[in-house]
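To start, the structure under review is shown below, and the notes come after it.
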Amino acid sequence: MNLLSPQLPLVLFATAALASCAPSSQQPASTPSADAAVGADASAQPGLSAPADQFMAAIAGHCGQAFAGRIVANEPKPTTPDAFEGKPLVMHVRGCDDPKRELRIPFHVGDDHSRTWVLTRLPDALLRLKHDHRHADGSEDAVTMYGGQSVAAGTPERQEFPVDQESVALFEREGLNASLNNTWAMEIEPGRFFRYELSRPGGRLFKVEFDLTRPVDLPPPPWGASPDPAGH
């Protein structure tokens, strides 16, 4: 027994004919654009296109190089000379053993080689900034490894680091109450400039800008670090 209605072949034929005449505007909906494909790849491989990774890669592009800097903001104006005014300022992109995970950037202030910025890639496309402070004999300063981590994705050019609780506890222990609300930031435009910034509520702003167009002679290793003939 034929269970199909005798009119069904006509219905199927009409449906097929209408489908063949329908506009093809639906086709792109099932074929992602190039931008969408990139986004899909990025989500399939977490961190591939994250701003944090692009930011780290931009700095790593200068591994093994050093650059001179100048103070471009120091507000409110110090009433007495501080540790940075009038001193040669040099950053050295040096710790590049695993640049996708960590970068170490010594910040030399004249003959003071105590400071190293440590950037670390964290899960969830975030970054951490710590300040490694040492004495000339390589021992740790009482105030060291303070900093913060990003709380937003940021951009490939700028990352911000509000103070973390570990650092708040350190500052309270050492009586550095002015630093309890610190936010640090770093900016880079590869081949042009790198900026380091410290800000606080109430108007405190300190910023150093380094000229990436003119590499300078490599400084000595930061205190506590081993010499590296390659300068990395």
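Index from 1, following the sequence. Scope of the values below: all heavy atoms of this structure, side chains included, with no hydrogens, waters or symmetry mates.
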How would you list, by chain and number, every residue that makes a salt bridge (Lys or Arg N to Asp or Glu O under 4.0 Å) with [X], sequence neighbours excluded?
| X | answer |
| --- | --- |
| R192 | E189 |
| D98 | R101 |
| K130 | D164, E166 |

(request) Apply side chain to side chain contact (heavy atoms under 4.5 Å, CB included) to the pair V163 and L180, showing each step before the final yes or no. (result) CA-CA 7 Å; V163 64; L180 297 180; over 6 Å; no

Would you please name every residue forming a side chain to side chain donor-acceptor pair (under 3.5 Å) with [X], sequence neighbours left out?
| X | value |
| --- | --- |
| R128 | none |
| N74 | D82, E85, R204 |
| E160 | R158 |
| S150 | none |

Under-4.0 Å salt bridge between R104 and D132:
yes

| query | Salt bridge check: are K100 and D53 linked by an N-O gap of less than 4.0 Å? | reply |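 Not counted as a salt bridge, because no side-chain N and carboxylate O are separated by less than 4.0 Å.
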
side-chain hydrogen bond (donor to acceptor under 3.5 Å, both in side chains): pairs with one or both residues in residues 169-180, sequence neighbours excluded
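side-chain hydrogen bond (donor to acceptor under 3.5 Å, both in side chains) check on residues 169-180 returns S179-R200.
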
inquiry  = Classify the ring geometry of F84 against F206: parallel below 30°, tilted from 30° to 60°, perpendicular beyond 60°.
reply    = tilted

ask   = Do the rings of F210 and W117 sit parallel, tilted or perpendicular, given the 30° and 60° boundaries?
value =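 If you compare the ring of F210 with that of W117, the planes turn out perpendicular.
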
Tracing side-chain links under 4.5 Å among I, L, V, M, F, W and Y, which residues wind up in one group with [X]?
| X | value |
| --- | --- |
| L126 | L122 |
| V72 | none |
| V90 | V216 |

Could you check whether atom CG of D137 has more than 12 heavy atoms from other residues, nucleotides or ligands sitting under 6.0 Å from it?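 Enclosed.
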
* Asked: Can you name the nearest heavy-atom pair linking H113 to P221, along with the distance?
  ->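 It is CB-O, 4.2 Å.
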
Residues passing the ring pair (Phe, Tyr, Trp, His ring centres under 6.0 Å) test with F67, sequence neighbours excluded, are H62

